[in-house]
Visitor: 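Before I ask anything, let me first share the structure, which is written out below as structure tokens.
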Amino acid sequence: MAQVCRACRTLSSAIGLVHVQASSRGVQRVDIPASPSELDCEKHAEGEILAVSCSCSCSLSKELCPAAAMAKLASEWLSSYFKSANAAGSLPPLDLPRAGSFTSEVWSELSAQTRPGDKLSYGELAARLGKPSAARAVGQAMRTNPVPLLVPCHRVIRSDGSLGRYSGGCGVETKQWLLEHETSS
């Protein structure tokens with residue numbers, strides 16, 4: 001079985017560090033750690049790339065490796081998003097893990113049918129998918145989303161208008177910041 005190349009990039013953003021992992025097929029993970037660890041974001045310009053790594057079996061240089069190119073594309077998209085959510089452009093391709101069909105439908109619907117500044121409830125998203133009683137299953141799909149920001153789970157809120165939970169960065173504070181950023185962009 002052929003080994004898949006993976007490349008990672010870490011960039012500084014308004015919400016802290018953002019780690020991106022990609023294969024040659026697309027973005028596999030976006031991680032927003034709760035704390036910046038040893039890298040202090042305040043020491044770096046927003047959008048600055050702080051680390052690049054590549055575990056390649058393709059024997060190409062990092063400049064030519066398709067996984068490295070995909071990670072670069074994703075980090076450029078994220079840098080644009082943090083400058084202006086509405087100016088970020090088309091999403092980079094995704095290389096998501098196999099998930100149940102409903103979870104995949106949730107991720108697809110959310111990334112294709114919501115725009116920066118949109119908010120919808122877990123129940124509304126379930127209803128869009130023809131399963132109005134599946135709000136909890138939508139919540140589970142949000143919790144397992146490997147690419148927050150690209151599949152914008154922060155736009156999904158509770159039916160009473162409260163924010164609900166968010167697992168990226170500093171949790172609900174990060175979700176609130178992202179929603180405010182999108183409405184002010």
Visitor: Going by atom type alone, with no hydrogens or angles, which donor-acceptor pairs under 3.5 Å involve a side-chain atom of residues 126-140 and a protein atom two or more places apart or on another chain?
Guide:
from: Q140; atom 1: OE1; to: R143; atom 2: NE; distance (Å): 3.3
from: Q140; atom 1: OE1; to: R143; atom 2: NH2; distance (Å): 3.0

Visitor: When hydrophobic residues are tied together by side-chain contacts of less than 4.5 Å, even through go-betweens, does L94 share a cluster with L73?
Guide: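 No: no chain of side-chain contacts under 4.5 Å links L94 to L73.
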Visitor: Taking salt bridge (charged side-chain N to carboxylate O under 4.0 Å, His left out) as the definition, give me every residue that meets it alongside D31, ordered by chain and number, with sequence neighbours left out.
Guide: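 If we apply the salt bridge (charged side-chain N to carboxylate O under 4.0 Å, His left out) test to D31, skipping adjacent residues, the hits are R29.
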Visitor: Start with the C-alpha distance between L125 and T114, add both sets of side-chain angles, then the distance that settles side chain to side chain contact (heavy atoms under 4.5 Å, CB included), and finish with yes or no.
Guide: CA-CA 10 Å; L125 185 50; T114 63; over 6 Å; no
Visitor: At what distance, to the nearest 0.5 angstrom, does NE2 of H19 lie from CD1 of I32?
Guide: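 That separation rounds to 10.0 Å.
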Visitor: Could you name each residue pair satisfying salt bridge (charged side-chain N to carboxylate O under 4.0 Å, His left out) that touches residues 163-179, not counting sequence neighbours?
Guide: none
Visitor: Please enumerate all residues that pass side-chain hydrogen bond (donor to acceptor under 3.5 Å, both in side chains) together with Q113, with sequence neighbours excluded.
Guide: none
Visitor: Measure the CD-NE2 distance between Q176 and H154 for me, rounded to the nearest 0.5 Å.
Guide: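 Going from the CD atom of Q176 to the NE2 atom of H154 covers 11.5 Å.
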Visitor: Can you name the residues that form a salt bridge (charged side-chain N to carboxylate O under 4.0 Å, His left out) with E182, not counting sequence neighbours?
Guide: R155
Visitor: Run through the side-chain heavy atoms of Ile, Leu, Val, Met, Phe, Trp and Tyr, join any pair under 4.5 Å, and report what else lands in V172's cluster.
Guide: I157, L163, L179
Visitor: Between V147 and V20, is any pair of side-chain heavy atoms under 4.5 Å apart?
Guide: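 No, too far: nothing below the 4.5 Å cut-off.
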Visitor: Might you point out which heavy atoms bring P93 and M70 nearest each other, and give the distance in Å?
Guide: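 That would be CD-SD, 3.8 Å.
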Visitor: Minimum heavy-atom separation for S23 and Q28, please, with both atom names.
Guide: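 S23 and Q28 have their closest heavy atoms at CB-NE2, 3.6 Å.
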Visitor: Let me check something: any side-chain donor-acceptor pairs from residues 115-122 under 3.5 Å, sequence neighbours excluded? List them with distances.
Guide:
from: R115; atom 1: NH1; to: A112; atom 2: O; distance (Å): 3.4
from: R115; atom 1: NH2; to: A112; atom 2: O; distance (Å): 3.2
from: D118; atom 1: OD2; to: R115; atom 2: N; distance (Å): 2.7
from: S121; atom 1: OG; to: G123; atom 2: N; distance (Å): 3.4
from: S121; atom 1: OG; to: E124; atom 2: N; distance (Å): 2.9

Visitor: I need the R25 CZ to L96 CG distance, nearest 0.5 Å.
Guide: 11.0 Å
Visitor: Holding to ring pair (Phe, Tyr, Trp, His ring centres under 6.0 Å), I want the full list of residues that pass it with Y81, two or more places apart in sequence or in another chain.
Guide: W77, H181
Visitor: May I have the step-by-step check of side chain to side chain contact (heavy atoms under 4.5 Å, CB included) for V106 and M142, ending in yes or no?
Guide: CA-CA 8 Å; V106 169; M142 297 298 96; 3.2 Å; yes
Visitor: Which pair of non-hydrogen atoms, one from P97 and one from P146, has the smallest distance, and what is that distance?
Guide: CD-CG, 3.8 Å
Visitor: Out of curiosity, L78 CG to S13 OG, how far, rounded to the nearest 0.5 Å?
Guide: 8.5 Å
Visitor: Specify the closest pair of heavy atoms between C153 and N145, including all atoms of both residues, with the distance to one decimal.
Guide: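 What the structure gives for the nearest pair is SG-ND2, 3.3 Å.
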Visitor: Determine whether V30 and V18 satisfy the following criterion, side chain to side chain contact (heavy atoms under 4.5 Å, CB included), listing intermediate values before the conclusion.
Guide: CA-CA 7 Å; V30 172; V18 178; 3.8 Å; yes
Visitor: Between D160 and S162, is there a side-chain donor-acceptor contact under 3.5 Å, judged purely by atom types and distance?
Guide: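 There is such a pair between these side chains.
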Visitor: What side chain to side chain donor-acceptor pair (under 3.5 Å) pairs are there with at least one residue in residues 101-112, not counting sequence neighbours?
Guide: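 Residue pairs with at least one partner in residues 101-112: there are none.
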